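As the structure is a prediction and not an experimental result, all values here were calculated from the model. Ligands are counted one by one from 1 in listed order, and the atoms in each one are counted from 1 as well.
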Amino acid sequence: MKHAEFSGRLVMLGFGSIGQGVLPLILRHIDIPADRITIVTAETRGEEVAAEYGIRFILQAATRENFADLLSPLLAKGDFLLNLSVDVSSVELMKLCQKLDVLYLDTVVEPWAGGYTDTSLTPSQRSNYAMREAAIALRETAQGGPTSVTAHGANPGLVSHFVKQALLNIARDTGAPVANPPPASDRAAWAGIAAKLGVKVIHIAERDTQVGDTPKKPGEFVNTWSVDGFVGEGCQPAELGWGSHEKALPPDGHRHGFGCDAAIYLMRPGASTRVRTWTPLEGPMHGFLITHNESISLADYYTLRDADGAVTYRPTAHYAYHPCDDAVLSVHELAGKNWEMQPEKRLMTDEITKGMDELGVLLMGHAKGAYWFGSRLTIEEARRAAPHNNATSLQVTAAVLAGVIWAMENPRQGVVESDEIDHARVLEICAPYLGDVVGEYSEWTPLEGRGVLFPEEVDAADPWQFRNFRVT
Ligand code: NAD
C-alpha cells in the first residue's frame with residue numbers, strides 16, 4: 001500500500017544497516033520514482049543494494065568542511081534529506097535544511113566524528129542532553145518552516161509512540177479510560193494522564209536474542225545494528241530522565257546546569273552501567289543503561305509544573321538494553337581494553353539463525369504495578385516482511401518510514417521530536433513490520449528476590465527508586 005506520494009527528490013545520507021533496510025520500504029510505501037532518490041555515503045558498503053533498486057550512489061563522506069557544498073546541489077525547496085549516517089552533525093544538517101526549505105529526518109542527534117569521546121569537552125557537553133538541547137534550540141527559528149523530525153528510529157522514535165499507547169491501555173484497564181486522546185502537541189494533557197495514573201518509571205526494556213552461526217571471535221565487536229553507533233553511545237556517560245519521585249541523586253549523578261533540567265548523567269560509561277529490568281519473554285534481566293535521546297525527551301515531555309514553574313511531576317526514564325549475547329561479550333571485551341575499540345567489527349545479517357528483538361516500554365508505579373508494551377519481532381518474520389533487514393533493523397526502518405511519511409503529510413511543522421508526532425498514525429504505518437505488538441502486566445519490581453543477601457542495598461519503602469534498579 002502506498003501511504004504517500006512525493007514529487008520532490010530524496011537524498012539518503014549514509015547507507016549502512018538502516019539505510020539499506022529502509023530503501024525497499026520507501027519504494028514499497030511512498031510513490032516516488034527510483035530516479036529521484038540519491039544515496040550519499042562514505043563507503044562502498046551497500047553499493048550492490050543501491051544498484052539492485054536502480055538508485056544513484058555517490059561515494060563521498062560528508063565533513064564539517066564539505067557538507068554544504070556536497071548536499072546543496074542535490075537539494076532544493078520541497079526535497080527531503082534522510083540522514084542515516086554516523087559522524088555527521090545532525091544539528092548542522094538541520095540548519096542547512098531549514099535554509100534550503102527541505103524536509104529532514106534523522107534517527108539520532110549525531111555529532112561530528114569523535115564528538116562522543118572528545119575529551120576537550122566536559123562529559124556534560126558531550127552528552128545526549130547537550131546534543132538534544134542544541135537540536136531543540138532550532139525550534140524557535142524553524143517555526144512554520146519545513147518539518148525536521150529529530151531522532152525518529154525505534155529508540156529513540158517508535159518507543160515514544162509505545163508510551164502513549166501504553167498509557168491509554170493502562171487507563172482503560174484501571175477503569176479510567178481516556179475517551180478522546182489529546183493531540184501529541186498537548187504535552188500538559190499527556191503528562192497529566194501519566195501523572196494521574198501514577199507512572200513513576202519508564203524503561204525502554206529491550207532483549208535481543210538473535211544468534212548467528214558464527215560465534216564472536218576475540219578482537220571482534222559483533223552487533224545486530226551499527227557497531228560504530230553502539231560503541232559511540234556506549235562510551236558516552238550514562239544518562240537518564242530524572243523523576244520527581246526520586247529521593248536522592250546517585251553518588252556519581254550530576255545535573256547539567258543548563259537547558260530543560262529533565263535529566264542527569266552519571267560519571268561512567270553507559271556500557272558499564274547496568275540496571276534491573278523486565279520483559280515478558282525474558283523475565284527479570286540486567287540491561288545496560290546506555291544514554292539515549294528518548295530518556296531525556298520523554299522525561300521532558302511528561303513534566304508538569306506549578307504556576308511558579310516548579311516541577312510537580314516527572315517520570316524517571318531510561319534505556320535498559322540487553323543486546324544480543326555476542327554484543328554483550330563484545331562490550332565485556334571492549335571494557336577490558338579500557339574502551340579501546342576491537343580491531344574488527346561485524347554487523348550480523350545473513351548469519352543470524354534464530355532469535356528475536358523484544359523491544360518495548362515498561363511503565364511502572366501505577367495501580368497495576370508494571371506494564372510492558374512493545375514489539376516482538378523474530379528474525380524469520382523480519383526476513384519474510386522485508387529484504388535487507390534483521391529483526392532489530394526492521395523495528396528501526398519501519399519507524400523511519402513512518403516518520404518520513406508523517407513529515408511528508410505534515411510538511412510545515414518546523415523542528416519536531418518523536419513525542420510531538422501523532423502516535424496512532426505512526427503505529428498504523430509500522431504495524432505490518434513489528435511482529436506481535438503486545439502489552440503485558442507484571443507484578444515484577446526491582447526488589448524481587450532481593451534484600452536477603454544484601455538488605456542494605458535496597459530502599460524497601462519505595463520499590464521504584466532508581467537506587468533499587470541500579471546494579472552496584
Ligand atoms: P552503519 O554503521 O551500518 O552505517 C552508517 C553509514 O553512514 C554507512 O553507510 C557509512 O558509510 C555512512 N557514513 C559514515 N560516515 C559518513 C560521512 N561522514 N558521510 C556520509 N556517510 C557516512 O549504521 P546504521 O546501523 O545504519 O545506523 C545509522 C544511524 O542510525 C546511526 O547514527 C545509528 O546510531 C542510528 N540508529 C538509530 C536507531 C534508532 O532506533 N533510533 C537504531 C539504529 C541506528
Side-chain angles (χ1 to χ4, degrees), residues 11-23 38-47 49-50 57-68 70-71 74 81-90 92-93 105-116 128 131-132 149-162 204 206 208 221 223-236 290-295 297 319 321 323 327 341 345-349 357 359 374-375 388-403 417-418 430 434:
V11 173
M12 284 176 67
L13 185 67
F15 199 56
S17 69
I18 304 306
Q20 292 173 44
V22 79
L23 179 62
T38 303
I39 292 162
V40 180
T41 185
E43 308 157 292
T44 53
R45 219 173 115 209
E47 199 168 5
V49 176
F57 189 89
I58 299 177
L59 184 61
Q60 175 72 62
T63 63
R64 229 183 259 268
E65 292 73 32
N66 77 359
F67 77 98
L70 175 66
L71 296 172
L74 302 171
L81 176 62
L82 177 55
N83 174 21
L84 301 172
S85 65
V86 294
D87 288 348
V88 185
S89 163
S90 302
E92 292 305 322
L93 292 177
L105 181 140
D106 61 34
T107 60
V108 64
V109 184
E110 184 83 8
W112 289 114
Y116 288 128
N128 268 323
M131 281 184 265
R132 171 177 178 265
V149 178
T150 161
H152 198 278
N155 55 318
L158 181 61
V159 293
S160 287
H161 311 303
F162 284 163
I204 313 306
E206 177 176 7
D208 180 350
F221 198 109
N223 196 21
T224 52
W225 60 281
S226 174
V227 171
D228 293 329
F230 183 32
V231 171
E233 66 185 25
C235 291
Q236 281 179 278
I290 305 282
T291 177
H292 258 208
N293 178 289
E294 74 272 19
S295 312
S297 81
Y319 198 11
Y321 180 32
M341 179 72 178
K345 52 187 176 185
R346 175 161 53 92
L347 207 153
M348 287 164 76
T349 50
D357 210 318
L359 167 67
S375 152
H388 308 298
N389 276 283
N390 61 29
T392 309
S393 75
L394 190 56
Q395 290 165 332
V396 183
T397 56
V400 171
L401 171 77
E417 294 192 283
S418 306
C430 292
L434 298 180

| Does the side chain of Thr224 pick up a donor-acceptor pair with the side chain of Asp208 at under 3.5 Å? | yes
| said: For atom 35 (C) of ligand 1, tell me which residue out of Leu59, Thr63, Leu70, Thr107 has the closest non-hydrogen atom. | reply: Thr107
| Does a side chain donor of either Asn83 or Ser85 reach within less than 3.5 Å of an acceptor in the other side chain? | yes
| task | Measure the distance from atom 11 (O) of ligand 1 to every protein heavy atom, then report the residue, atom name and distance (to 0.1 Å) of the closest one. | result | Glu43 OE1, 2.6 Å
| query | Mind checking whether Glu47 and Leu59 have side chains closer than 4.5 Å, heavy atoms only? | reply | no
| field | Which residue and heavy atom of the protein sit nearest atom 28 (C) of ligand 1, plus the separation | value | Leu84 O, 3.3 Å
| Contact with ligand 1 for Pro156, non-hydrogen, under 4.0 angstrom | yes
| Got a sec, which residues hit salt bridge (charged side-chain N to carboxylate O under 4.0 Å, His left out) with Asp87, two or more places apart in sequence or on another chain? | none
| When you look for heavy atoms under 4.0 Å from ligand 1, do you find them on the side chain of Val108, its backbone, both, or neither? | side chain
| task | Check Val86 against ligand 1 and report side chain, backbone, both or neither, counting heavy atoms closer than 4.0 Å. | result | both
| query | Which protein non-hydrogen atom lies closest to atom 4 (O) of ligand 1, naming both residue and atom, and how far is it? | reply | Gly16 CA, 3.2 Å
| message | Can you report which non-hydrogen protein atom sits closest to atom 43 (C) of ligand 1, along with the distance? | response | Trp225 CE3, 3.6 Å
| N/O of Ser226 under 3.5 Å from N/O of ligand 1, yes or no? | yes
| query | Are any of the side-chain nitrogens in Arg132 or Glu417 under 4.0 Å away from the carboxylate oxygens of its partner? | reply | yes
| note | In this structure, atom 19 (N) of ligand 1 is nearest to the protein heavy atom Ala62 N, 2.8 Å
| request: Would you check if there is a donor-acceptor pair between the side chains of Tyr319 and Glu294 at a distance under 3.5 Å? | output: no
| message | Residue-level breakdown please: for Gln395 versus ligand 1, do any non-hydrogen atoms fall below 4.0 Å on the side chain, on the backbone, on both, or on neither? | response | neither
| field | Nitrogen or oxygen of Ala61 less than 3.5 angstrom from that of ligand 1 | value | no
| Structural part of Leu347 in contact with ligand 1, heavy atom criterion under 4.0 angstrom | side chain
| Closest approach of any protein heavy atom to atom 21 (N) of ligand 1, naming residue and atom | Ala42 N, 3.5 Å
| remark: re atom 3 (O) of ligand 1, the protein heavy-atom contact at minimum distance is Arg45 NH2, 2.7 Å
| Can you find a heavy atom in the side chain of Thr107 that is under 4.5 Å from one in the side chain of His152? | no
| With sequence neighbours excluded, residues passing side chain to side chain contact (heavy atoms under 4.5 Å, CB included) with Val108 | Glu110, Tyr116
| Is Glu110 touching ligand 1 with its side chain, its backbone, both, or neither, if touching means heavy atoms under 4.0 Å apart? | side chain
| Ser160 side chain to Ser418 side chain, donor-acceptor N/O pair below 3.5 angstrom | no
| Are a donor atom and an acceptor atom from the side chains of Ser375 and Asp357 found within less than 3.5 Å of each other? | no
| For His152, is at least one N or O under 3.5 Å away from an N or O on ligand 1? | no
| query | So is Ser17 polar-close to ligand 1, meaning N/O to N/O under 3.5 Å? | reply | yes
